[in-house]
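First listed ligand is number 1; within each ligand, the first listed atom is number 1.
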Amino acid sequence: MLRVGITGGIGSGKTTVCSIFEKLGVPVYYADLKAKELVNTNLELQNKITHAFGQKSFIEGAYNRAFIASIVFSDKEKLELLNSIIHPFVLNDWGKFCQQYTNKPYVVKEAAIMLETESKNSVDYIVLVHSPMELRVQRIQERDGVSKSEIEARINAQMSEDEKLKLADSVISNDQKHSLIEQVLTLHQKFILL
Ligand code: ATP
């Protein structure tokens, strides 16, 4: 069974692409959503986070996102520490997900950060969802109601698109010129034959 990673920066359209794979019956694992779920449910993970960041990390068992964000927002080392604590739990959970679907030709893992970290080693093939900057800003503005400068700052803090394009195995263009469905179908045909 092939493990396919779908990645892309904020507003690139990776969730939209994954919803098409789901419609084709492909199991999709949403890594960022899973991470959010695990910090609220996995006691061992919660203990590790509390050990690293203190008792305020949880309020009556619920992850104190605002507190943790205030620590990691301006401290790259702390952010790396947080990611290094959470990552093994998501990796283990992804492994269990894959085991459930060994009868399928392939499964998909969606994650915003993949090409940048060792997370790329948890899949066999990486598809980058690529979208022009102006469109990404416009979509995020419409979806989240945040300012243009805030979105641009978030995008610029991520790995450059040129770098990502070099590292990906395939690219889906979500640019309103190419059909998303056709591009997903082409990849689907390829993956079921691989
Ligand atoms: P994030 O990482 O910020 O969650 P994402 O890469 O998963 O973003 P989506 O949530 O799929 O991106 O897309 C961002 C917004 O743009 C959504 O509201 C989505 O419905 C819209 N969108 C994305 N692609 C298209 C498209 N091809 N046509 C119409 N709307 C689109």
Which pairs of donor and acceptor atoms, one on a side chain in residues 145-156, lie under 3.5 Å apart (sequence neighbours left out)?
| residue | atom | partner | partner atom | Å |
| --- | --- | --- | --- | --- |
| Ser147 | OG | Ser149 | OG | 3.4 |
| Ser147 | OG | Glu150 | N | 3.2 |
| Asn156 | ND2 | Glu152 | O | 3.1 |

Apply the side chain to side chain contact (heavy atoms under 4.5 Å, CB included) test between Ile126 and each candidate in Lys120, Arg3, Lys109; give the one that qualifies.
-> Lys120
Please list, one pair per line, the donor and acceptor atoms closer than 3.5 Å that link side chains of residues 181-194 to other protein atoms, with sequence neighbours excluded.
| residue | atom | partner | partner atom | Å |
| --- | --- | --- | --- | --- |
| Gln183 | OE1 | Ser173 | N | 2.8 |
| Gln183 | NE2 | Ser173 | O | 2.9 |
| Gln183 | NE2 | Ser179 | O | 3.2 |
| Thr186 | OG1 | Glu182 | O | 2.9 |
| His188 | ND1 | Tyr106 | OH | 2.6 |

Salt bridge present between Glu142 and Arg139 (N-O < 4.0 angstrom) = no
Tyr125 and Ser170: side-chain donor and acceptor closer than 3.5 Å?
-> yes
Just distance, no hydrogens or angles: give the donor-acceptor pairs under 3.5 Å from side chains in residues 9-17, sequence neighbours left out.
| residue | atom | partner | partner atom | Å |
| --- | --- | --- | --- | --- |
| Ser12 | OG | Gly9 | O | 2.7 |
| Lys14 | NZ | Gly8 | O | 3.2 |
| Lys14 | NZ | Gly9 | O | 3.3 |
| Thr15 | OG1 | Glu110 | OE2 | 2.8 |

Short N or O contacts of ligand 1 with protein, under 3.5 Å, listed by atom name?
| residue | atom | partner | partner atom | Å |
| --- | --- | --- | --- | --- |
| ligand 1 | 2 (O) | Lys14 | NZ | 2.5 |
| ligand 1 | 3 (O) | Gly11 | N | 3.3 |
| ligand 1 | 3 (O) | Arg143 | NH2 | 2.8 |
| ligand 1 | 4 (O) | Arg143 | NH1 | 3.1 |
| ligand 1 | 6 (O) | Ser12 | N | 3.3 |
| ligand 1 | 6 (O) | Ser12 | OG | 3.2 |
| ligand 1 | 6 (O) | Gly13 | N | 3.0 |
| ligand 1 | 6 (O) | Lys14 | N | 3.0 |
| ligand 1 | 6 (O) | Lys14 | NZ | 2.8 |
| ligand 1 | 7 (O) | Thr15 | N | 3.1 |
| ligand 1 | 7 (O) | Thr15 | OG1 | 2.6 |
| ligand 1 | 8 (O) | Gly11 | N | 3.1 |
| ligand 1 | 10 (O) | Arg143 | NH1 | 2.9 |
| ligand 1 | 11 (O) | Thr15 | N | 3.4 |
| ligand 1 | 11 (O) | Thr16 | N | 2.9 |
| ligand 1 | 11 (O) | Thr16 | OG1 | 2.6 |
| ligand 1 | 12 (O) | Gly13 | N | 3.1 |
| ligand 1 | 24 (N) | Asn174 | ND2 | 2.9 |
| ligand 1 | 27 (N) | Asn174 | OD1 | 2.9 |

